[in-house]
Number of protein chains: 2
Amino acid sequence: MPAERKGGVTISQVAEAAGVARSSVSRAYTKPHMLSPETVDHIKAVAKRLGYVPNHTARALSTGRNGNIALIVPDVANPFFPPLIRAAQAEAERSDLCVFLGNSEEDAEKEDKLLGRLSSQVEGVVLASPRLSDERILAHASRKPMVLINRNVEGIPRVLIDSGTGVAEATRHLAELGHKRIVYVSGPSASWSNKQRRAAARKTATALGLELSVISASVPSFEAGLQAVPSILSRKATAAIAFDDVMAQGILAGLAARGVSVPADFSVVGCDDALGALMVPVLTTVSGQSAEAGKVSVSLLMQLLQSDALGDACYMLETHLIARSTTSAAP
Amino acid sequence: MPAERKGGVTISQVAEAAGVARSSVSRAYTKPHMLSPETVDHIKAVAKRLGYVPNHTARALSTGRNGNIALIVPDVANPFFPPLIRAAQAEAERSDLCVFLGNSEEDAEKEDKLLGRLSSQVEGVVLASPRLSDERILAHASRKPMVLINRNVEGIPRVLIDSGTGVAEATRHLAELGHKRIVYVSGPSASWSNKQRRAAARKTATALGLELSVISASVPSFEAGLQAVPSILSRKATAAIAFDDVMAQGILAGLAARGVSVPADFSVVGCDDALGALMVPVLTTVSGQSAEAGKVSVSLLMQLLQSDALGDACYMLETHLIARSTTSAAP
DNA sequence: CTGTTAGCGCTTTCAT
DNA sequence: ATGAAAGCGCTAACAG
C-alpha cells in the first residue's frame with residue numbers, strides 16, 4: 001500500500017503493458033486525434049487498469065507550462081478579498097488552471113518574497129492591491145506575465161476599481177444632506193485605492209465648499225477604525241467616509257461606545273460594499289466590484305499568456321454610492 | 001527582453017560561467033556543507049550576477065518532492081475560513097511550502113474534482129469541512145497524505161473543533177435566561193459540525209426541559225438565515241441558535257425587518273465567532289478557533305509527511321460561549 | 001498513424 | 001571537495 005502511494009505508474013509501464021511506444025501513451029492523453037481510436041481506447045484501458053495518472057511535474061518540465069497561476073493578496077481575512085479570490089478561482093478553473101494563493105500580510109517585503117517563491121512554479125501572477133514599490137513590481141513583471149488589481153503601473157495590464165466616482169458621489173450625498181465638515185479616514189499609504197479615494201473626497205469636498213480633514217491609519221482594520229473615533233469627534237465633523245467597510249464598522253462601534261447615534265448624530269459611509277447588507281444598521285457604502293475584478297484579472301492574464309503582447313491594457317470598473325441607513329441629514 | 005522572460009538561466013549556464021560542474025552549482029544551494037566555502041561563495045556570486053533562480057519543477061521531478069500542499073475549503077467567502085486559510089498559510093510558510101487553495105463551492109462533486117486535480121502536484125492536502133462522503137475521502141486519503149478539519153473519519157488525522165461544548169453552554173445560557181422554546185437553525189447536512197451542534201443543542205435542551213425544534217437550511221448563508229425567520233417565528237420560539245454567525249446575522253436582519261427587537265423580544269446566538277465584534281449589536285456566539293485549526297492542521301500534515309505513520313491522530317479544540325448582546329431574558 | 005530519439009533542469013550515486 | 005554520468009516522467013521533433 002505504501003508502495004502504491006509512492007511514485008506511481010509511469011508512462012513506460014503503460015507503454016510496455018500496452019505494447020506501444022511511450023510517445024503513443026503520451027499522445028493518447030494530449031493528442032488523441034493523432035492516434036487511431038482503437039489505439040487510444042486500448043491504451044486508456046490498460047492505463048486505467050494499471051492505475052496510471054500522468055505526472056504533472058514531468059509534463060511541466062517538458063512543456064514549460066505548468067497550468068498554475070499565483071494570486072497574491074494583502075490579507076485573505078479582509079472581506080474585500082474573499083469574493084475576489086473566489087471569482088478568480090472560478091475563472092481560472094474555466095481554463096483548467098490551479099491557483100496558488102499568497103498572503104502578504106499587508107507587508108511589502110513579504111509580498112516580494114512570495115512573488116519570488118511562487119513565480120518559479122506558475123505561468124503568471126495576479127497581484128491584488130500590492131503594497132510593493134513600482135520598481136519591484138516592474139522587476140517581477142519583466143520575469144513573469146503579471147496583471148495588477150488596484151494598482152496603476154503603466155505597461156502592466158491592470159484592472160482598476162474606480163472608486164473615485166463612488167466616493168465623489170458619497171461626498172456629494174453628504175453635502176446634500178447638509179453636512180459641512182467631514183473627515184476621510186485613510187487606509188494603507190501604499191494603497192492606490194486609498195490615494196484615489198482620498199483625492200476624490202478632497203476634490204469633491206473643495207468643489208462643494210465642504211471642509212474635509214484626513215485621518216491616517218496604516219492598516220485597514222476594525223481596530224484602526226475604532227481608534228480613529230476620538231480624533232474624528234475632536235474635529236467637530238458630522239460625517240466620515242472611511243477607506244473601507246471594515247474601518248467604517250470600527251468607526252460605528254467606536255461611535256456607539258461613545259453614545260453617538262448613527263445616523264441621527266453622525267453619518268458614516270464605507271467603501272467596497274464588502275460587508276454587503278450583513279449589518280444592522282446597514283452601512284451606506286461605495287460599491288465594490290471585487291468579484292468582478294478577480295474574474296477580469298485572470299481573464300486578462302489568460303490573454304496575456306496566449307498573445308504575450310496585450311498592449312497597455314487598463315480595465316476600469318465603475319463604482320457608485322449605495323445609500324443605506326448610516327447616513328442622514330446633518331444634525 | 002522576451003528572451004529573458006522565457007526559460008530563464010539554467011544550472012548549466014551558471015556552471016559554465018563559474019567554471020565548475022553542474023553538480024557543484026546544485027550542491028551550492030542544496031548541500032553547501034559539501035563544498036568549500038569559497039566555491040559556494042563564488043558560485044552564488046556568479047549565479048546572482050546571471051540572475052539564476054533554481055527551477056522548482058525540475059527539482060521536483062528529480063527529487064519527487066514539490067514543496068506544495070493543497071488546502072480545500074467549501075467557501076472562501078464564508079468568514080469562518082479566511083482566518084483558517086491565513087493561519088494555514090503562515091504555518092506552511094514556516095516549512096517553506098506553497099499552498100494551493102481550492103474552493104469547492106459547498107459542492108461535493110467539485111470537491112472531488114479539486115482533490116483529483118490538485119493532488120498530482122502536492123505532497124499532501126488539508127481538507128477543511130468536507131462535504132464529500134467518507135468513502136471518497138478515504139479513497140483520496142489512501143493516495144495522498146491528508147488531514148481533515150471538522151470531519152471525523154477514523155484513520156485519517158483530523159482536527160476537530162468541538163463546538164458541542166460551546167453549543168451546550170449556549171443552550172444552558174438560554175435556559176437560565178428563562179427561554180422555554182428555542183430553535184436550532186441547521187446548516188449543511190453533510191457538515192460534521194452541523195450534526196455535532198444540532199446534537200449538542202438537542203441533548204442539552206432535553207436535559208433542561210426546553211422544547212427544541214430544528215429548521216433546516218442547506219447552505220449557510222445570510223440569505224438562508226433571513227428566510228428561516230418566518231418559520232422560526234411561527235414556532236413561537238423566543239430564541240434561536242444558528243449553525244453559524246453568518247446565518248445568525250441573516251436571522252437578525254429578518255427579525256429587524258419584522259419589527260422584532262433583539263434581544264428584548266428575541267434572543268439569537270451564532271457559532272464560530274467569525275464576525276468577531278464587528279457588528280452592532282454584537283452577536284452572542286460560540287467561539288471559533290478556526291485560525292488554530294488551520295495552523296494545527298498543516299502542522300499535523302508536516303508530521304504526517306515526515307513520519308508517514310502518525311497513528312490515528314485526532315486533535316480536539318475546545319469552544320465555549322461568548323455572551324454578548326444578542327441574548328437576554330425571555331420576554 | 002506510430003516508433004525513435006533527444007532533451008526539459010535538476011539531483012544523485014559513483015568515482016576521483 | 002569536485003566532476004562525470006545516469007536518470008526523474010514526460011513531450012516533441014523527426015522519421016518512417
Side-chain angles (χ1 to χ4, degrees), chain A residues 3-44 46-47 50-68 117 119-123 143-144, chain B residues 3-44 46-47 50-68 96 119-123:
Chain A
E4 254 182 45
R5 197 140 122 177
K6 284 250 177 183
V9 186
T10 79
I11 212 174
S12 304
Q13 300 174 25
V14 178
E16 183 168 5
V20 299
R22 303 205 308 279
S23 45
S24 292
V25 179
S26 171
R27 289 194 265 255
Y29 285 87
T30 57
K31 303 170 164 74
H33 57 272
M34 289 185 67
L35 264 42
S36 79
E38 305 89 56
T39 320
V40 174
D41 289 350
H42 175 226
I43 292 177
K44 290 213 167 173
V46 174
L50 264 43
Y52 169 72
V53 177
N55 181 318
H56 209 94
T57 310
R59 182 179 299 192
L61 180 57
S62 187
T63 59
R65 323 191 344 88
N66 51 38
N68 299 146
R117 176 88 174 78
S119 66
S120 67
Q121 33 186 349
V122 299
E123 295 184 35
R143 315 192 142 284
K144 273 289 170 199
Chain B
E4 254 183 46
R5 195 141 124 176
K6 284 253 177 181
V9 185
T10 80
I11 212 174
S12 304
Q13 301 175 25
V14 178
E16 182 168 7
V20 299
R22 301 205 307 280
S23 43
S24 292
V25 180
S26 173
R27 290 195 264 258
Y29 285 87
T30 57
K31 304 171 164 71
H33 54 88
M34 288 184 66
L35 264 41
S36 79
E38 306 88 58
T39 320
V40 174
D41 289 351
H42 176 224
I43 291 177
K44 290 213 166 173
V46 174
L50 264 43
Y52 168 72
V53 176
N55 180 319
H56 212 92
T57 309
R59 183 179 305 204
L61 180 58
S62 189
T63 60
R65 322 189 346 88
N66 51 39
N68 298 146
D96 209 42
S119 66
S120 65
Q121 32 187 349
V122 299
E123 295 185 35

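We name chains A, B, ... by the order of the sequence lines, and we start the count at 1 in each one.
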**OP:** Would you please name every residue forming a side-chain contact (heavy atoms from CB on, under 4.5 Å) with A/Asn55, sequence neighbours left out?
**Re:** A/Thr57, A/Ala58
**OP:** Side chain of A/Thr39 only, please: which of C/dC1, C/dG9, D/dC10 is the nearest?
**Re:** C/dC1
Original post:
Among residues 20-33 of chain B, which contact DNA chain D at a heavy-atom distance under 4.0 Å?
Top reply: B/Val20, B/Ala21, B/Arg22, B/Ser23, B/Ser24, B/Arg27
Original post:
Sequence neighbours excluded, which residues qualify as salt bridge (Lys or Arg N to Asp or Glu O under 4.0 Å) partners of A/Arg117?
Top reply: B/Asp96
Original post:
Which residues pass the side-chain hydrogen bond (donor to acceptor under 3.5 Å, both in side chains) test with B/Thr39, sequence neighbours left out?
Top reply: B/Ser36
Original post:
Under a 4.5 Å cut-off applied to non-hydrogen side-chain atoms, are B/Asn68 and A/Gln121 in contact?
Top reply: yes
Subject >> All side-chain contact (heavy atoms from CB on, under 4.5 Å) counterparts of B/Gln13, not counting sequence neighbours >> reply: B/Val9, B/Thr10
Original post:
B/Ile11 CD1 to C/dT12 P: how many Å, rounded?
Top reply: 11 Å
**OP:** Indicate whether OP1 or OP2 belonging to C/dC10 is found under 4.0 Å from a side-chain N or O atom of B/Ser12.
**Re:** no
Original post:
What dot-bracket string describes DNA chain D from 5' to 3', counting Watson-Crick and G-U wobble pairs whose defining distances are under 3.5 Å, with [ ] for crossing pairs and | for pairs to another strand?
Top reply: ||||||||||||||||
Original post:
Applying ring-ring contact (aromatic ring centres under 6.0 Å, His included), which residue pairs with at least one partner in residues 8-28 of chain B are found, sequence neighbours left out?
Top reply: none
Subject >> Residues in contact with DNA chain C, drawn from residues 57-68 of chain B - heavy-atom cutoff 4.0 Å >> reply: B/Ala58, B/Arg59, B/Ser62, B/Thr63
Subject >> Qualifying salt bridge (charged side-chain N to carboxylate O under 4.0 Å, His left out) pairs with a residue from residues 55-65 of chain B, counting only residues at least two apart or across chains >> reply: B/Arg65-B/Glu123
Subject >> Set of side-chain contact (heavy atoms from CB on, under 4.5 Å) partners for B/Ser23, sequence neighbours left out >> reply: B/Ala21, B/Arg27
Original post:
In chain order, what residues pass the side-chain contact (heavy atoms from CB on, under 4.5 Å) check against B/Ser26, with sequence neighbours excluded?
Top reply: B/Ile11, B/Thr30
